[in-house]
Student: 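Would you mind keeping the following structure in view while I ask a few things?
These values consider heavy atoms only, across backbone and side chains, with no hydrogens, waters or symmetry-generated copies. For ligands, and for the atoms within them, numbers begin at 1 and follow the listed sequence.
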Amino acid sequence: MSKKVFVSGVQPSGKPHIGNYFGAMKQFVELQKEYSGYVIIVDYHALHSLQNPKEMRANIISVLLDFLAIGLDPKKIVLLKQSAVSEHTELAWIFETITTMPYLMRAHAFKDAEAKNKEIDVGTFNYPMLMAADILLYSPDVVPVGADQKQHVEIARDTALKFNRVFGETFKVPEPMIMKDVAIVPGTDGRKMSKSYNNTIPLFASYEEIKKCVMSIVTDSSGGIPKNVYAIHKLFHNEKELKKIYEEKSGKYKELKEMLIEDLEKFIAPMRRKRKEFEKDIPKALAVLKEGSEKAKIVARHKMREVKEKIGVNVW
Ligand code: TRP
């Protein structure tokens, strides 16, 4: 029996933090044991907020190195770059012609932007159509995403159903796979770890950076167990053992933080070393992405041929 297939996308948005790792990246590495899959670096999706070619290039390479360093195996997972497979934007256009404005106006991302009175670019408005194309081109069984992306996967499902209704059975309707148990990793201030809160611990932090981040964790002054330290610590240490240690060292914030630094270093150091290795040969890493994109292109082209047949534009 052939393996089930997943598709997911990641924005090339700079340095990942441990919240990104537990919230999404790690899942892909785990899924590769049982699934075959496609992980798409969605550079065209990022374009509406990242309009600096130097930064765009650097970020694409950076996210590629990140995924190789955490152990994504290109033999099992196809790593591709969205802009290298033009079928994504081509199919997005077709989807746009069968989708109404009021329907897309219900998308959270659009409503949020509108509520902030932002002048919304058409790309942001159509974002879910390109994402639907990313997904549906590869006929996946599941789409692993964070809870915030659930609606986008539902839009992709609706779009598949709509196309199938109008033009006949063409697209497989995928299931969302919400990575909710691990989605919320607390930051150094106790709120959700997020770049916008400035409370992150970088996934590939140096020892010095780890130290700085941990020392900045906000501790409550009421004595006892520093809950923000504990909330992060339990991701890296057996919880039963950790509970005991925290009880024994009640009030000794500095010692507990030092222990967290060592646990973080133990966890991060191997990945950091691997990333450094990949960084030494960027052309080789890029070759992996290029090869992945070529593999994906074959599948996407095949699907597009079927789509063109269905809509009747293939006259020769
Ligand atoms: N919208 C997703 C995010 O911001 C990224 C994404 C783009 C994606 N295309 C996708 C996720 C396809 C899953 C499947 O996180």
Student: Please list, in number order, the atoms of ligand 1 under 4.0 Å from a heavy atom of Ser8.
Tutor: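 Taking each heavy atom of Ser8 in turn, ligand 1 has 11 (C), 13 (C), 14 (C) under 4.0 Å.
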Student: Pull out every atom of ligand 1 sitting under 4.0 Å from any heavy atom of His45, numbered as shown with elements.
Tutor: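 Heavy-atom distances to His45 below 4.0 Å select 7 (C), 9 (N).
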Student: Between Lys81 and Ser83, do the side chains contain an N or O donor and an N or O acceptor separated by less than 3.5 Å?
Tutor: yes
Student: By number and element, which atoms of ligand 1 are closer than 4.0 Å to a non-hydrogen atom of Ile135?
Tutor: 12 (C), 14 (C)
Student: Does some side-chain heavy atom of Leu47 sit less than 4.5 Å from a side-chain heavy atom of Met56?
Tutor: yes
Student: When you look for heavy atoms under 4.0 Å from ligand 1, do you find them on the side chain of Val145, its backbone, both, or neither?
Tutor: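 Just the side chain.
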Student: Under 4.0 Å from a heavy atom of Gln11: give me the atoms of ligand 1 that qualify, with their elements.
Tutor: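 Those qualifying, in numeric order: 4 (O).
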Student: Between Thr188 and Asn199, do the side chains contain a donor N or O and an acceptor N or O under 3.5 Å apart?
Tutor: no
Student: To which protein heavy atom is atom 9 (N) of ligand 1 closest, and what is the distance rounded to 0.1 Å?
Tutor: Asp134 OD2, 2.7 Å
Student: Are Arg191 and Tyr197 in a cation-pi contact, defined as NZ or CZ under 6.0 Å from the six-membered ring centre and within 45° of the axis?
Tutor: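 Yes.
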Student: Flag the pair Phe236 / Phe22 as yes when their ring centroid distance falls below 6.0 Å, and as no otherwise.
Tutor: yes
Student: Show the atoms of ligand 1 that are less than 4.0 angstrom away from any heavy atom in Val42.
Tutor: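 Those of ligand 1 that fall under 4.0 Å from Val42 are 7 (C), 9 (N).
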Student: According to the interplanar angle, ranging from 0 to 90°, do the rings of Phe167 and Phe163 count as parallel (below 30°), tilted (30 to 60°) or perpendicular (above 60°)?
Tutor: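 Correct class here is tilted.
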Student: Looking at Val143, which atoms of ligand 1 are within less than 4.0 Å of one of its heavy atoms?
Tutor: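 Per the distance check, 13 (C), 14 (C).
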Student: Would Phe267 and Tyr21 count as a ring-ring contact (aromatic ring centres under 6.0 Å, His included) here? Give the steps.
Tutor: CA-CA 12 Å; Phe267 171 80; Tyr21 179 74; 5.6 Å; yes
Student: Who's the nearest protein heavy-atom neighbour of atom 2 (C) of ligand 1, and how far?
Tutor: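 Result: Gln149 OE1, 3.3 Å.
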Student: For atom 11 (C) of ligand 1, find the nearest protein heavy atom and state the residue, atom name and distance (0.1 Å precision).
Tutor: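 Minimum-distance protein heavy atom for atom 11 (C) of ligand 1 reads Gly9 N, 3.2 Å.
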Student: Taking non-hydrogen atoms only, is Ile40 closer than 4.0 angstrom to ligand 1 via side chain, backbone, both or neither?
Tutor: neither
Student: To the nearest 0.1 Å, how far is atom 1 (N) of ligand 1 from its closest protein heavy atom, and which atom is that?
Tutor: Tyr127 OH, 2.6 Å
Student: Aromatic rings His88 and Tyr138: how do their planes relate, parallel, tilted or perpendicular, breaks at 30° and 60°?
Tutor: tilted
